[in-house]
Structure formats: C-alpha cells, structure tokens
Amino acid sequence: MQYWLMKSEPDEVSIDDALAAAGSTVPWTGVRNYQARNFMRDQMRVGDGVLFYHSSCAEPGIAGIAEVASTAYPDPTQFDSGSPYFDPKATRETPRWMLVDVRALRKTRLLTLDQMRAIPELADMQILRRGNRLSITPVARHEWECILQQLS
DNA sequence: GCCAACGTTGGC
DNA sequence: GCCAACGTTGGC
C-alpha cells in the first residue's frame, strides 16, 4: 500500500465533480509528464491512498481523499485529435500515455498550502518544494497519517 | 498576468 | 550527447 498526492485543476475536475461521477470514479486523463506517467504505470496499485489536491485555483490545497481504482491503461485522449491532450506521436499499438482510474472517497475541509507548510512533519513533502511541478508525487506513510489526522 | 523552475525539443 | 531556445506549470 502506497500513498500519493494527485493534482487536479478544480475547473477541470474538482473533488465535487469526482464524487458526482458514476461510481465516484474518474479516469485521470491528461498527464503528459513521463515521471508522473511512470508512477501510474509502474507503481500504483488498486487501493493505494490518494490525496486529491486542487491546483491552479484561488485556494490551492488538499480537498479530499481518494483511492486508486484501477491498474494503468492507455489514456484515450492521446488518440483524440479534438482533445487538448492529443498526442500525434501516440498510436493505439504504441500508446505513450497511461492513466489510472481514481475513486473519490470523501471531500474534506481544505488543507491549504500555507497550512501544510506550517506543519513540521510535512516539511519534506515534494509538493512543498520550490519549483515542484510534478502533478503526481509519492506521499510518505507518516505524511499521509499526519494529513488524515489534520483533516479528521 | 508575472515569472521562477524545469521538462522537452532540435540543431549541431 | 550538449545545450540554447522554447513551452508549461502553478503559486502568487
């Protein structure tokens, strides 16, 4: 069992959107970074814990708890020439981009970036590092437990 | 909308 | 395989 933080722009898919989806489950489309892809493809297991993070918005922070709901499979948007995530170099025979399904479990109060920075146990979180842009990052067990405690 | 950080691209 | 140019991310 591993833990992850996954960024989503709430204008695209918020925690409310995910909870409202069929089965509270959404495909994590649009990841176009190899490191983030590799986490999904190589390391995620069904049942892994997910911190659902709202980014590029007025109040960035952790907005809910989710879990990994599938193993990795090709992101269909890479094949769709009408999609902003279209990748002309990807083919169905050799897809480039993979995704997992994510099941939202509950909305939490917003744990803001500022609040996270103020918690010493979270000081080493990748999301808090300067210049961090990765949309999917591993979360240490002690960080996960600390955050769940904060949100309870 | 600014801009620092950093990933990707492509000429050499 | 180096590295400058360029594009993107994402907090502010």
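Residue numbering restarts at 1 for every chain, and letters A, B, ... go by the order of the sequence lines.
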| said: Using a 4.0 Å heavy-atom cut-off to protein, can you give one letter per nucleotide of nucleotides 6-11 of chain B, 5' to 3': B if the base is in contact, S if only the sugar-phosphate is, - if neither? | reply: BSS---
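At a threshold of 4.5 Å between side-chain heavy atoms, the hydrophobic network of Ile, Leu, Val, Met, Phe, Trp and Tyr places Leu151(A) and Leu19(A) in two separate groups.
With Asp75(A) as the partner, the salt bridge (Lys or Arg N to Asp or Glu O under 4.0 Å) test is satisfied by one option alone out of Arg41(A), Arg37(A), Arg32(A): Arg32(A).
Residues forming a side chain to side chain contact (heavy atoms under 4.5 Å, CB included) with Ser135(A) (at least two apart in sequence, or on another chain): Lys7(A), Val31(A), Ala36(A). The side-chain hydrogen bond (donor to acceptor under 3.5 Å, both in side chains) search around Asn132(A) returns none, not counting sequence neighbours.
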Listed pairs under 3.5 Å, donor-acceptor, residues 42-50 of chain A side chains, sequence neighbours left out:
{"residue": "Asp48(A)", "atom": "OD1", "partner": "Gln2(A)", "partner atom": "N", "Å": "3.0"}
{"residue": "Asp48(A)", "atom": "OD2", "partner": "Trp4(A)", "partner atom": "NE1", "Å": "2.9"}
{"residue": "Asp48(A)", "atom": "OD2", "partner": "Arg45(A)", "partner atom": "N", "Å": "3.1"}

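Among the heavy atoms of the strands lying under 4.0 Å from Arg117(A) are primed sugar atoms or P, OP1, OP2 only; no base atom is included.
Side-chain contact between Val26(A) and Asp17(A) is absent, with no heavy atoms from C-beta onward closer than 4.5 Å.
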Within the sub-3.5 Å range, which N or O atoms of nucleotides 3-5 of chain C have a protein N or O partner, and how far apart are they?
none

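For Arg129(A), the CZ atom is densely surrounded, since the number of other residues' heavy atoms within 6.0 Å is greater than 12.
Pairs of residues two or more places apart, or lying in two chains, that qualify as salt bridge (charged side-chain N to carboxylate O under 4.0 Å, His left out) and include a residue from residues 79-91 of chain A are Asp87(A)-Arg96(A).
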